[in-house]
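Side chains included, hydrogens not; waters and symmetry mates left out as well; all remaining heavy atoms used.
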Amino acid sequence: PFEGLAWTPRPPQGPPQGCFACIAKPPALQQASPILSPSSAVYLMESKSCKGDSLRPAVPCKHSVEKKTMTNPTTVIEIYPDTTEVNDYYLWSIFNFVYLNFCCLGFIALAYSLKVRDKKLLNDLNGAVEDAKTARLFNITSSALATFCIILIFIFLRYPLTDY
């Protein structure tokens, strides 16, 4: 349909004129004639291009007067990291210390859990997360080894070595 038409290069664009509120709004659509010739179609395609195009007349910014009269009060809000989401595994550590203290791993887990609580009070989020990972590791190790030992004891009580 556009055979033989040549695209005309656009002139270089400068920075858009006006404030962000004026540039962000699309300009009013122009009334198109009902019968379009190929040259007018090219003109319409060019006129619907980018907002900062030089083919459109520059519209003075109505917000520039408002900007000069407005004052910008500054409010500073200090945001501390949310340390309530760091789990300290305190109850699990106490359970491992009292009941499943395999090779003192429950005691070590309890010590790291207390360190997590102290670092949460001091708002040291990175240190609290690292100590929480260590406490979880010691709790998992203590629980797994103690459970394995208990299962072995029950197996040897059920099937004594004299039967083999």
Side-chain angles (χ1 to χ4, degrees), residues 9-29 45-56 58-164:
R10 292 186 189 157
Q13 297 178 4
Q17 300 294 322
C19 68
F20 180 75
C22 294
I23 295 171
K25 294 180 184 176
L29 296 174
M45 281 194 287
E46 285 295 327
S47 67
K48 289 183 181 178
S49 62
C50 131
K51 293 179 180 119
D53 201 349
S54 63
L55 294 176
R56 292 195 190 120
V59 179
C61 178
K62 65 181 180 182
H63 297 96
S64 61
V65 176
E66 294 175 15
K67 282 184 181 178
K68 292 176 185 174
T69 59
M70 290 174 45
T71 59
N72 259 345
T74 304
T75 304
V76 177
I77 300 173
E78 293 184 19
I79 299 174
Y80 293 105
D82 190 15
T83 58
T84 58
E85 294 182 12
V86 178
N87 196 353
D88 56 3
Y89 305 105
Y90 186 66
L91 293 177
W92 190 12
S93 299
I94 288 178
F95 179 79
N96 281 337
F97 178 63
V98 173
Y99 295 108
L100 306 175
N101 197 8
F102 183 81
C103 294
C104 294
L105 291 176
F107 176 71
I108 296 170
L110 182 63
Y112 275 102
S113 295
L114 292 173
K115 284 177 68 173
V116 170
R117 286 194 167 191
D118 291 341
K119 289 185 179 180
K120 280 170 57 174
L121 287 175
L122 295 174
N123 288 327
D124 181 14
L125 184 63
N126 293 333
V129 168
E130 290 299 318
D131 287 341
K133 287 179 183 178
T134 307
R136 184 182 63 206
L137 176 72
F138 279 114
N139 278 323
I140 290 171
T141 307
S142 176
S143 298
L145 289 176
T147 305
F148 180 70
C149 287
I150 290 171
I151 290 172
L152 279 179
I153 289 171
F154 281 131
I155 288 174
F156 283 127
L157 286 176
R158 176 75 173 112
Y159 304 105
L161 290 177
T162 56
D163 291 343
Y164 296 112

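For the ring-ring contact (aromatic ring centres under 6.0 Å, His included) test, no residue two or more places apart in sequence or in another chain qualifies with Phe148. Annotation: side chain to side chain contact (heavy atoms under 4.5 Å, CB included) contacts of Tyr90 (sequence neighbours excluded): Asp88, Ile94, Leu110, Ser113, Leu114, Arg117. Partners of Leu91 according to the side chain to side chain contact (heavy atoms under 4.5 Å, CB included) rule, which considers only residues two or more places apart in sequence or in another chain, do not exist here. Scored by the side-chain hydrogen bond (donor to acceptor under 3.5 Å, both in side chains) test, Ser143 finds Trp92, Asn96 as partners (sequence neighbours excluded).
Taking every heavy atom of both residues into account, Val86 and Ala128 meet most closely at CG1-O, 3.8 Å. Of all the heavy atoms in Ala132 and Val116, the pair that sits closest is N-CG2, 3.3 Å. Closest approach of Leu105 to Thr141, counting heavy atoms only: CD1-CG2, 3.6 Å.
Applying the ring-ring contact (aromatic ring centres under 6.0 Å, His included) rule to pairs touching residues 97-129 yields Phe95-Tyr99, Phe97-Phe107, Tyr112-Phe138, sequence neighbours excluded. Annotation: salt bridge (Lys or Arg N to Asp or Glu O under 4.0 Å) contacts involving residues 103-116, sequence neighbours excluded, are absent.
With values rounded to the nearest 0.5 angstrom, Leu125 atom CG is found 10.0 Å from Lys120 atom NZ. Atoms CG and CG, from Asn126 and Asp131 in turn, are 11.0 Å apart once rounded to the nearest 0.5 Å. Rounding to the nearest 0.5 Å gives a distance of 11.0 Å between CG of Leu157 and CG of Leu152.
At least one donor-acceptor pair closer than 3.5 Å links the side chain of Ser142 to the backbone N or O of Leu100. Side chain of Asn101 to backbone of Gly106: a donor-acceptor contact under 3.5 angstrom is found.
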